[in-house]
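In what follows, a structure is listed as structure tokens, so that the remarks can point back to it.
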Amino acid sequence: LYADGCVYERTYRVMAELAIRDIDILEKMRTAMKSNHIFTYFHRKNKFGESKKYVTLSINDKDLIPKVKKLGLEPRKSATLKFPTSEQVPDHLVHHFIRGYFDGDGCVYFKRIADESTKSYLNLSIISTLDFCSKIKEIMKFGNLVINNDSDGMYYYRLGGAINIYNFLSYIYKNATIFLKRKNDKYKQFLLQRKDFQRQSYCKSKFFGVQTRKDGKFLSVVNNHRKILLGVFDKELDAALAYDKYCVENEIKADKLNFD
């Protein structure tokens with residue numbers, strides 16, 4: 001609802017609207033609420049002039065309005081949306097909340113690598129207000145904030161690199177039972193294409209936080225609740241120094257540092 005929901009105070013109505021191809025998430029939502037509300041279907045032209053079919057789940061309930069507002073869902077919220085507080089969404093449910101928002105206002109797709117007909121990489125982004133995107137970045141501890149020049153005051157939270165995307169998607173899909181199937185399918189496809197990332201065996205290094213790749217390069221890696229790739233280096237010593245610097249600057253209680 002934070003992404004695709006609307007609140008109409010005057011008519012005491014809460015509504016979620018999606019493209020017809022995503023009706024499965026509304027069906028799961030309705031089932032979870034044990035609701036018998038009917039879906040409404042309609043056609044509307046998109047920005048390219050193409051007629052597309054949409055579906056809505058609408059609930060009229062005067063008592064529901066103050067409850068959803070208390071949870072942070074306000075009328076005309078697009079430009080003022082704030083990330084929910086821990087009272088609105090408890091910490092242990094935050095990854096489920098981010099998944100729900102990602103399903104609504106997130107984008108994930110494969111892009112073909114130039115001159116590599118059989119290779120592609122995954123692109124991932126979320127659009128929202130600066131406050132909302134900044135909070136996601138704070139939670140994940142990686143990613144970039146990019147202003148959306150086509151929409152005043154809106155920003156993108158963008159991810160690059162297989163490890164960051166893997167960590168983000170693994171985080172939001174942890175113990176997930178309700179999700180948008182087409183985006184989850186991209187996650188599964190990503191895992192299948194990245195078997196080398198999941199199963200690649202690294203040689204041990206004499207330094208903490210350093211892994212030696214089969215191609216002879218060195219990864220600098222920190223495990224702080226989740227695996228964070230600091231960089232790929234030609235020299236083993238440089239990877240070790242990057243590991244120590246990150247641990248000291250971020251006050252991470254690493255078991256050991258390579259250098260005092």
Side-chain angles (χ1 to χ4, degrees), residues 1-5 16-19 21-33 68 71-73 77-78 81-111 120-146 148 154-195 197-198 221-229:
L1 290 176
Y2 260 67
D4 293 314
E17 177 186 307
L18 296 173
R21 64 177 177 173
D22 297 328
I23 191 173
D24 63 295
I25 195 73
L26 287 184
E27 291 173 339
K28 292 176 182 177
M29 197 168 147
R30 186 170 63 176
T31 299
M33 295 189 300
V68 296
L71 292 173
L73 192 62
K77 60 180 170 43
S78 296
L81 192 66
K82 292 185 178 297
F83 198 90
T85 65
S86 57
E87 288 76 24
Q88 292 169 325
V89 177
D91 292 344
H92 69 285
L93 297 178
V94 167
H95 69 290
H96 293 300
F97 171 81
I98 294 177
R99 182 180 69 254
Y101 191 87
F102 170 71
D103 279 347
D105 279 342
C107 179
V108 57
Y109 64 95
F110 284 93
K111 186 174 182 179
S120 61
Y121 61 92
L122 197 64
N123 284 263
L124 190 151
S125 65
I126 295 174
I127 187 170
S128 191
T129 60
L130 177 60
D131 175 272
F132 199 96
C133 290
S134 297
K135 186 62 179 179
I136 295 178
K137 182 179 179 181
E138 178 184 328
I139 292 169
M140 300 307 304
K141 296 182 174 59
F142 53 75
N144 298 302
L145 301 179
V146 181
N148 178 15
M154 302 299 284
Y155 280 75
Y156 288 107
Y157 169 72
R158 283 183 176 166
L159 289 181
I163 288 180
N164 285 342
I165 290 177
Y166 172 79
N167 285 336
F168 177 84
L169 293 176
S170 297
Y171 171 71
I172 66 171
Y173 285 118
K174 182 180 179 181
N175 301 323
T177 57
I178 297 179
F179 46 77
L180 203 62
K181 184 179 181 302
R182 61 183 174 87
K183 290 184 178 177
N184 184 259
D185 286 345
K186 288 286 195 305
Y187 171 51
K188 293 177 180 177
Q189 183 182 351
F190 171 71
L191 293 181
L192 289 173
Q193 290 191 3
R194 297 299 302 185
K195 284 182 180 179
F197 167 69
Q198 290 180 288
V221 178
V222 171
N223 286 299
N224 183 32
H225 303 299
R226 61 183 66 89
K227 188 176 181 181
I228 302 173
L229 175 64

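Basis for what follows: all heavy atoms, side chains included, without hydrogens, waters or symmetry-related copies.
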Does the side chain of [Y] come within less than 4.5 Å of [X]'s, by heavy atoms?
{"X": "Ser170", "Y": "Tyr187", "answer": "yes"}
{"X": "Tyr171", "Y": "Ile98", "answer": "yes"}
{"X": "Leu159", "Y": "Phe142", "answer": "yes"}
{"X": "Leu145", "Y": "Lys137", "answer": "yes"}
{"X": "Met154", "Y": "Leu81", "answer": "no"}
{"X": "Leu18", "Y": "Ile25", "answer": "yes"}

* To do: Output yes when a side-chain donor or acceptor of Arg99 lies under 3.5 Å from a complementary backbone atom of Ile178, and no otherwise.
  =>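 Checked: pair present.
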
* To do: Look only at the side chain of His95 and the backbone of Lys174, and say whether a donor-acceptor pair between them is shorter than 3.5 Å.
  =>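 Between the backbone of Lys174 and the side chain of His95 there is a qualifying donor-acceptor contact (under 3.5 Å).
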
Working to the nearest 0.5 angstrom, can you tell me the gap between [X] [atom1] and [Y] [atom2]?
{"X": "Cys107", "Y": "Ile127", "atom1": "SG", "atom2": "CD1", "answer": "10.0 Å"}
{"X": "Leu124", "Y": "Phe190", "atom1": "CG", "atom2": "CZ", "answer": "9.5 Å"}
{"X": "Ile126", "Y": "Asp103", "atom1": "CD1", "atom2": "CG", "answer": "10.0 Å"}
{"X": "Glu17", "Y": "Leu26", "atom1": "CD", "atom2": "CG", "answer": "10.0 Å"}
{"X": "Asp24", "Y": "Arg182", "atom1": "CG", "atom2": "CZ", "answer": "9.0 Å"}
{"X": "Tyr155", "Y": "Asn144", "atom1": "OH", "atom2": "CG", "answer": "13.5 Å"}

* Centroid-centroid under 6.0 Å between Phe83 and Phe97 rings ->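 Yes; Phe97 has its ring centre under 6.0 Å from that of Phe83.
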
* Taking the six-membered ring for Trp, is the centroid-to-centroid distance between Phe132 and Tyr101 below 6.0 Å? -> yes

* side-chain contact (heavy atoms from CB on, under 4.5 Å) between Val94 and Ile139, intermediate numbers included -> CA-CA 9 Å; Val94 167; Ile139 292 169; 3.8 Å; yes

* Answer yes or no: does atom NZ of Lys82 have more than 12 heavy-atom neighbours from other residues, nucleotides or ligands under 6.0 Å? =>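 At most 12 heavy atoms, drawn from other residues, nucleotides or ligands, come within 6.0 Å of this atom.
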
* Closest approach of Ala3 to Gly104 (non-hydrogen atoms, all atoms of both residues) ->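 In this case the closest contact between Ala3 and Gly104 is CB-CA, 3.7 Å.
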
* Mark yes or no: Lys183 above the aromatic ring of Tyr173, with NZ or CZ under 6.0 Å from the six-membered ring centre and no more than 45 degrees from the axis. => no

* To do: Tell me, please, whether Tyr2 has Lys77 positioned over its six-membered ring: NZ or CZ under 6.0 Å from the ring centre and within 45 degrees of its axis?
  => no

* Asked: Of Val108, Asp22, Asp185, which is the lone residue that meets side chain to side chain contact (heavy atoms under 4.5 Å, CB included) with Leu180?
  -> Asp22

* To do: Look at Lys135 together with Asp131 and state whether they make a salt bridge at an N to O cut-off of under 4.0 Å.
  =>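 Salt bridge flag = no for Asp131 with Lys135.
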
